[in-house]
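Structure record follows, encoded as structure tokens.
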Amino acid sequence: MTSPATALRLEGVGKCYMVSTLAARETFPQTLNRLLTGNSSRRALWALRGLSFELARGEVLGVIGANGAGKSTLLMLLAQIIAPTEGRVEVHGKSSIFFQLASGLRPQLTVLDNFSVCAALLGIERAKFRELLPAMVEFSGLGDYLHARYGELSSGLAARVPFAAAVHAKLDIVMADEMIAVGDEAFQQKCFKTFEEFRRSGKTMVLASHGMDLVAKLCTKSLYLRGGAAAYFGDPIEAIRRYGADSSAPGSALARAEPLL
Amino acid sequence: MKPWSPSYWFLLWELTRTEFKVRDQGTVFGFLWTLLHPALMFAVLYALFISWFDRFVEQYAAYLIVGLVQWQFFEKATSIAITSLRRKDGLIRNFKFPLELIVFSAVGSVLWSYLLETGVLLGFLLCLGLKPTLGWPLLPAVVLAHLAFTLGVSLVLALAAVEFQDLDRVWGVLTTAGFYLTPVFYPLSLISQRYGRFMAFNPLLHILGAFRACLVPGQTFQAAGLFWVVPLSAALCVAGVLVFRRRSFWITDRVFAL
């Protein structure tokens, strides 16, 4: 049974993607073949498997792990954008993801246009949007760029638009995927303060991050994902320690890529 | 987000508005292309066929322009809708919202310019010396039927296209064929009875017929066709929206796999 204090609950969750093994896109005969016989040139890739944990309201979960460990898949499952292939995901409250890049927004249109699209996508009503707009603009610091083309902004500035909109969207569960990595020092500070305020106001948060500082300072729990499975769930400092140990171990991808100091 | 909530309509409005705004950006004439394209098409077809079809159709100019505007709405809306889910994969990845709105907004952005074209069309008909008839007030109902049919087809095509990626190329060929198999620029009376019977299965033939009956003098109304076209359109819309609602996770998985 789920207690009312539970915000998120995962039971044996797995997500499987079909990944191309051929260099080319699937052709019409291959599609037909797949639909008729079930044979496919694609192979199954489990981005996540056998993941179970529960998060109480007001907790802040830091999700860490190497690239491809399943962090973004987990966030999309929690935001209910995708469904698990197996297992159960329970989400109690309104949630949405803030992604690192403002993908999906319109580079050809103005910053103001993108603010309103973003707000609408987050489920904000028109009247409410009008009311919130000054605060969103103020938060983003993009007041001078409102009528500039969105695509002309630098990626750091661009990421502020969905972030500022989401901050004002009255979400119960806040999820961020490497959101503040692209921001400059000042904006990162602002984000950090916002997250702290969220935490104080009792919002549940899930932050996927490579910023170990952020995880250590902000999170009450941490999930260390390795190869699509939970390698550790619990104390953030311990999670970071294990992740660090694995990364610097001889033969690990990270150790091969860049020798640690 | 429920269809009766204001936030659903605000999102539909925003997606439609931005889709429309982006469309003609970067072209010299910009928004004017909305009107320029049908006008140029009309000029070409009129110049080609006036001497031939003038004998068979009263007011050929009116007959042609009415057919052309209606046909182009169907063709543009469906061809934009068919790739809409794939083009919006960024939105689908980042936000949780009713996916049918992507198709609605694709069709809606074309509807916007279509309504404008229809307004200009009525002005053009007055310039041709046609008087407003009793058929004019019926026009909104016919527009609604046309919209329902186009939307229904668009929903089905968009769904099919996430499974069969080649479909948008095939659809390009099919609409070209459809342009010749539908009496857009030629009169139906020119077709022999044997082939005419098969053509009666074309829903657009009846929709175009209804528009012409409202607007072009000398065109009679064959209501019988609309008796199956309208319920078919409604059924396609309902079925399409139901699939979008019930199978949204399947759609997301397919879009991600593209």
Side-chain angles (χ1 to χ4, degrees), chain A residues 15-20 25-32 34-35 40 42 72-73 75-85 91 94-110 113-129 149 162 166 177, chain B residues 1-2 4-27 30 85-99 101-102 105 109 160-170 246-258:
Chain A
K15 178 68 191 175
C16 175
Y17 291 109
M18 300 307 285
V19 188
S20 288
R25 274 168 43 160
E26 193 180 63
T27 61
F28 186 69
Q30 284 169 339
T31 309
L32 269 185
R34 175 168 56 77
L35 290 177
S40 169
R42 289 156 177 254
S72 299
T73 300
L75 258 64
M76 282 203 271
L77 282 167
L78 294 177
Q80 293 176 301
I81 290 171
I82 54 177
T85 314
V91 180
K94 191 178 159 199
S95 66
S96 186
I97 312 185
F98 317 166
F99 263 97
Q100 174 186 358
L101 293 171
S103 57
L105 296 185
R106 298 293 204 143
Q108 311 95 319
L109 299 180
T110 65
D113 281 332
N114 278 293
F115 263 121
S116 56
V117 175
C118 214
L121 283 162
L122 289 162
I124 298 173
E125 292 165 20
R126 183 197 305 268
K128 193 77 191 154
F129 168 67
R149 272 189 5 166
D177 190 357
Chain B
M1 218 183 272
K2 299 277 182 280
W4 50 87
S5 74
S7 54
Y8 185 92
W9 290 94
F10 180 43
L11 180 53
L12 175 58
W13 168 263
E14 282 299 318
L15 290 177
T16 308
R17 188 177 69 90
T18 47
E19 177 92 22
F20 180 78
K21 257 179 130 171
V22 167
R23 174 114 19 94
D24 293 315
Q25 244 179 25
T27 59
L85 288 170
R86 194 185 317 164
R87 281 185 289 115
K88 294 290 165 61
D89 72 325
L91 286 189
I92 299 174
R93 246 169 235 278
N94 284 270
F95 299 93
K96 169 93 187 147
F97 63 101
L99 296 181
L101 284 180
I102 291 181
S105 64
S109 68
V162 296
E163 192 59 60
F164 298 101
Q165 289 181 57
D166 311 38
L167 193 62
D168 60 336
R169 310 297 169 89
V170 177
R246 302 248 165 101
R247 289 276 177 269
S248 68
F249 288 132
W250 170 80
I251 297 171
T252 335
D253 280 348
R254 289 301 310 161
V255 170
F256 285 8
L258 289 180

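Reminder, nothing fancy here: chain letters follow the sequence lines and each chain counts from 1.
Contact record, B:Ser7 with A:Gly123: CB-O, 3.6 Å, taken as the closest heavy-atom pair. Nearest heavy atoms, A:Ile81 versus B:Asn94: CD1-C, 3.8 Å.
If you measure heavy-atom distances from A:Ala79 to chain B, the contacts under 4.5 Å come from the backbone alone. Neither the backbone nor the side chain of B:Tyr8 comes within less than 4.5 Å of any heavy atom of chain A. When heavy atoms are compared at a cutoff of 4.5 Å, A:Ile124 approaches chain B solely by way of its backbone atoms N, CA, C and O. Interface residue B:Thr252: only side-chain heavy atoms are found under 4.5 Å from chain A.
In this view, B:Arg87 and B:Glu19 satisfy the salt bridge (charged side-chain N to carboxylate O under 4.0 Å, His left out) rule, not counting sequence neighbours. By the side-chain contact (heavy atoms from CB on, under 4.5 Å) test, B:Arg17 is found to be paired with A:Asp113, A:Ser116, B:Trp13, B:Glu14, B:Lys21, B:Trp112, residues two or more places apart in sequence or in another chain being considered.
Between A:Arg106 atom CZ and B:Leu15 atom CG the span is 8.5 Å, to the nearest 0.5 Å. Of the inter-residue distances, the one linking A:Leu122 atom CG with B:Lys96 atom NZ reads 14.0 Å to the nearest 0.5 angstrom. From A:Leu121, atom CG reaches atom CG of B:Leu11 across 5.0 Å, with rounding to the nearest 0.5 Å. To the nearest 0.5 Å, atoms CG (A:Leu77) and CZ (B:Phe249) are separated by 9.0 Å.
Residues B:Phe10 and A:Lys128 fail the side-chain proximity criterion, which asks for heavy atoms closer than 4.5 Å.
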